[in-house]
Participant: 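Attaching a single structure in structure tokens format; questions to follow.
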Protein chains: 2
Amino acid sequence: MHALAGDERIPIYQRLADTLRQSVITGALKPGDRAPSENFLSDEYGLAPGTVRKALDVLVGEGVFERFQGKGTFVRRPSFDASLFRFFRFRGPDGEFRVPESRILRREIEPMPGHVCVALEVSKGTPGISMSRLRMHEGTPVVAEEIWLEHAPFAKFADMPAEEIGALLYPVYDRECGRLVARAEETMTVEAASREIARLLRIDAGAPVIVIDRIAKGYDNKPIEWRRSRGRADQFTYQTEIR
Amino acid sequence: MHALAGDERIPIYQRLADTLRQSVITGALKPGDRAPSENFLSDEYGLAPGTVRKALDVLVGEGVFERFQGKGTFVRRPSFDASLFRFFRFRGPDGEFRVPESRILRREIEPMPGHVCVALEVSKGTPGISMSRLRMHEGTPVVAEEIWLEHAPFAKFADMPAEEIGALLYPVYDRECGRLVARAEETMTVEAASREIARLLRIDAGAPVIVIDRIAKGYDNKPIEWRRSRGRADQFTYQTEIR
DNA sequence: CACTTATACTTCTATATAGAACCATAACTG
DNA sequence: CAGTTATGGTTCTATATAGAAGTATAAGTG
């Protein structure tokens with residue numbers, strides 16, 4: 001039976017939630033893994049089942065865990081890489097959403113610009129990996145992306161041959177560099193297409209484009225990747241509920 | 001001590017949540033009101049405090065109630081009328097958000113178009129109230145709106161003198177017609193400004209505008225109002241978190 | 001072998017109890 | 001009368017217990 005770490009003044013269930021969250025951050029628990037059962041935890045820490053359950057409630061609410069009655073509690077697989085394209089709604093003939101093909105146009109190592117350094121919380125001038133990527137749907141370009149990564153933790157990624165990089169980057173970050181993306185913050189704006197963007201997306205210069213800036217973060221809330229995506233605005237829809 | 005209504009097969013805490021939600025729907029509990037205390041409810045229905053608390057958890061999660069330790073549990077005031085304009089971020093000199101002034105340009109009774117009938121879940125050709133409204137911020141127009149209401153429940157609103165209608169419509173719907181808006185669904189797209197819209201918003205025809213379609217709904221989830229708002233896209237930002 | 005049954009494990013619901021933490025207000029005190 | 005203290009209300013945390021409901025697997029049965 002172990003004692004629970006953390007400040008004694010904050011509630012036990014919070015401290016247990018912190019402990020479990022930490023084991024996801026360190027990678028002791030990986031997405032898809034089953035967390036220790038409620039009974040196990042209440043024995044392990046000498047707590048009432050209700051207290052353990054409340055701790056799990058917190059993590060389920062945060063989207064870190066998900067529960068299945070009779071099966072167990074599992075680390076949730078964050079699979080939102082396709083979320084941007086849910087907005088753009090590119091569907092195949094069967095009505096299902098498609099992950100677009102992607103082509104990396106450029107990948108270089110250079111000092112990161114100021115606003116990226118701020119977003120990634122590193123000191124100014126830190127070397128980074130700069131990428132341009134074009135995402136295609138059935139042969140037609142739909143989204144143009146600029147991506148920045150801090151070079152040091154992603155050195156292995158920088159050296160990978162382009163053929164080994166698939167349509168989704170986040171699994172590669174995890175597998176090759178041990179950087180796991182858990183969530184992201186996005187800011188959406190509209191601008192007129194520059195000549196460069198118009199050429200890539202095959203639209204008229206000055207036509208409206210949706211710009212989505214994304215900062216991808218880990219379970220520890222530390223920024224991992226900066227990304228700016230531009231797509232033609234005429235097939236863009238975004239739905240939300242407010243209250 | 002009262003018995004709890006509803007199907008015996010569904011959990012007690014769910015049935016209690018349903019009961020309390022219903023009293024918000026009927027208006028027995030209005031936004032800002034304090035709900036019966038946890039102790040009162042557990043006495044009233046002969047339930048354990050934990051069960052009552054779990055029922056309240058459900059409603060807090062839905063955004064129907066909000067809790068304040070030591071004070072009580074209250075029906076949440078849905079104050080999202082300004083939310084659309086939070087996206088547009090018009091702030092006063094003090095940095096606070098401003099509710100823009102509004103001018104009703106037109107208000108007529110006519111059959112509702114098909115897509116509005118679908119959205120408001122009424123049969124085709126039902127008479128409705130059609131409004132055009134222009135919202136201004138410090139003298140400059142920022143958002144142009146088309147609004148549709150079913151005529152029958154809002155007959156009193158149709159007859160109101162324009163001077164009595166303020167900048168916010170939802171409080172009027174509640175006060176005059178007993179229709180309380182609890183939440184809304186919004187869909188956002190981008191289009192080029194028509195000549196009509198360009199004139200209203202004082203921008204160039206063809207310039208990008210944000211279009212937000214909103215269906216406002218009551219606590220019972222029944223649609224109340226259909227609204228299409230158009231604002232200039234060049235000062236639009238929207239932030240969200242995904243995971 | 002195919003099908004059913006038992007079992008052990010999981011989460012989920014519900015009860016009962018006790019006290020802490022917080023808030024508003026009434027009562028008291030100087 | 002102003003400031004402090006007590007009191008009774010509220011939500012919040014935590015314990016302990018019991019069984020239901022759902023899932024997967026092992027054991028038994030024809």
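Just so we're clear, the structure is a prediction, and the values are computed from it rather than from any experiment. The chains referred to below are lettered A, B, ... by the order of the sequence lines, with proteins before strands, and numbering in each begins at 1.
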Participant: Would you call A:Glu146-A:Arg133 a salt bridge at under 4.0 Å N-O?
Facilitator: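 Result for this pair is no, no salt bridge flagged.
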Participant: For A:Glu145, which of A:Arg227, A:Arg214, A:Arg103, A:Arg228 qualifies under salt bridge (charged side-chain N to carboxylate O under 4.0 Å, His left out)?
Facilitator: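 Answer to the salt bridge (charged side-chain N to carboxylate O under 4.0 Å, His left out) test with A:Glu145 among A:Arg227, A:Arg214, A:Arg103, A:Arg228: A:Arg227.
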Participant: For the atom pair CG (A:Leu120) and NZ (A:Lys217), what is the distance rounded to the nearest 0.5 Å?
Facilitator: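 A:Leu120 atom CG to A:Lys217 atom NZ measures 10.0 Å (nearest 0.5 Å).
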Participant: Where along residues 56-69 of chain A does a heavy atom fall under 4.0 Å from DNA chain C?
Facilitator: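 Heavy-atom contacts with DNA chain C come from A:Arg67, A:Phe68, A:Gln69.
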Participant: Which residues in residues 2-21 of chain A have at least one heavy atom lying under 4.0 Å from any atom of DNA chain D?
Facilitator: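 Heavy-atom cutoff 4.0 Å gives A:Pro11, A:Ile12, A:Tyr13.
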Participant: Without swapping roles, check the side chain of B:Asp33 against the backbone of B:Lys30 for a donor-acceptor pair under 3.5 Å.
Facilitator: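 Yes; judged by distance alone, with no hydrogens or angles, the pair exists.
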Participant: Under 4.0 Å from a heavy atom of chain B: give me the 5'-most and 3'-most nucleotides of DNA chain C that qualify.
Facilitator: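 Answer, 5' to 3': C:dT13 to C:dA24.
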Participant: Is A:Lys71 paired with A:Glu66 through a side-chain N to carboxylate O contact shorter than 4.0 Å?
Facilitator: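 No, this pair does not count.
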Participant: Counting only side-chain N and O atoms of A:Lys71, is one of them less than 4.0 Å from OP1 or OP2 of D:dG22?
Facilitator: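 A:Lys71 to D:dG22 OP1/OP2: no side-chain N or O under 4.0 Å.
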Participant: Any side-chain heavy-atom pair from B:Tyr219 and B:Ser23 closer than 4.5 angstrom?
Facilitator: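 No, every pair of side-chain atoms sits at 4.5 Å or beyond.
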Participant: Supply the atom-to-atom distance B:Met188 CE to A:Ile210 CD1, rounded to the nearest 0.5 angstrom.
Facilitator: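 That separation rounds to 5.5 Å.
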Participant: Checking A:Phe157 now: which residues fulfil ring pair (Phe, Tyr, Trp, His ring centres under 6.0 Å) with it, not counting sequence neighbours?
Facilitator: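 Checked A:Phe157 against ring pair (Phe, Tyr, Trp, His ring centres under 6.0 Å); matches are A:Tyr173.
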Participant: In terms of side-chain heavy atoms, does A:Glu225 have a donor or acceptor partner in A:Tyr170 at a distance below 3.5 Å?
Facilitator: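 Side chains of A:Glu225 and A:Tyr170: pair found under 3.5 Å.
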Participant: Verify, without hydrogens or angle tests, whether B:Thr19 (side chain) and B:Arg15 (backbone) share a donor-acceptor contact under 3.5 angstrom.
Facilitator: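 Side chain of B:Thr19 to backbone of B:Arg15: a pair is present.
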Participant: Can you list, in residue-number order, the parts of residues 31-53 of chain B that come under 4.0 Å of DNA chain C, counting heavy atoms only?
Facilitator: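 Listed by number, they are B:Leu47, B:Ala48, B:Pro49, B:Thr51.
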Participant: Please collect all ring-ring contact (aromatic ring centres under 6.0 Å, His included) contacts where either partner lies in residues 27-71 of chain B, sequence neighbours excluded, each pair once.
Facilitator: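 Only B:Phe68-B:Phe74 qualify under ring-ring contact (aromatic ring centres under 6.0 Å, His included).
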Participant: Test A:Leu20 against every option in A:Val52, A:Val64, A:Leu56 by the side-chain contact (heavy atoms from CB on, under 4.5 Å) rule and name the one that passes.
Facilitator: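 Going through the options one by one, the only one that passes is A:Leu56.
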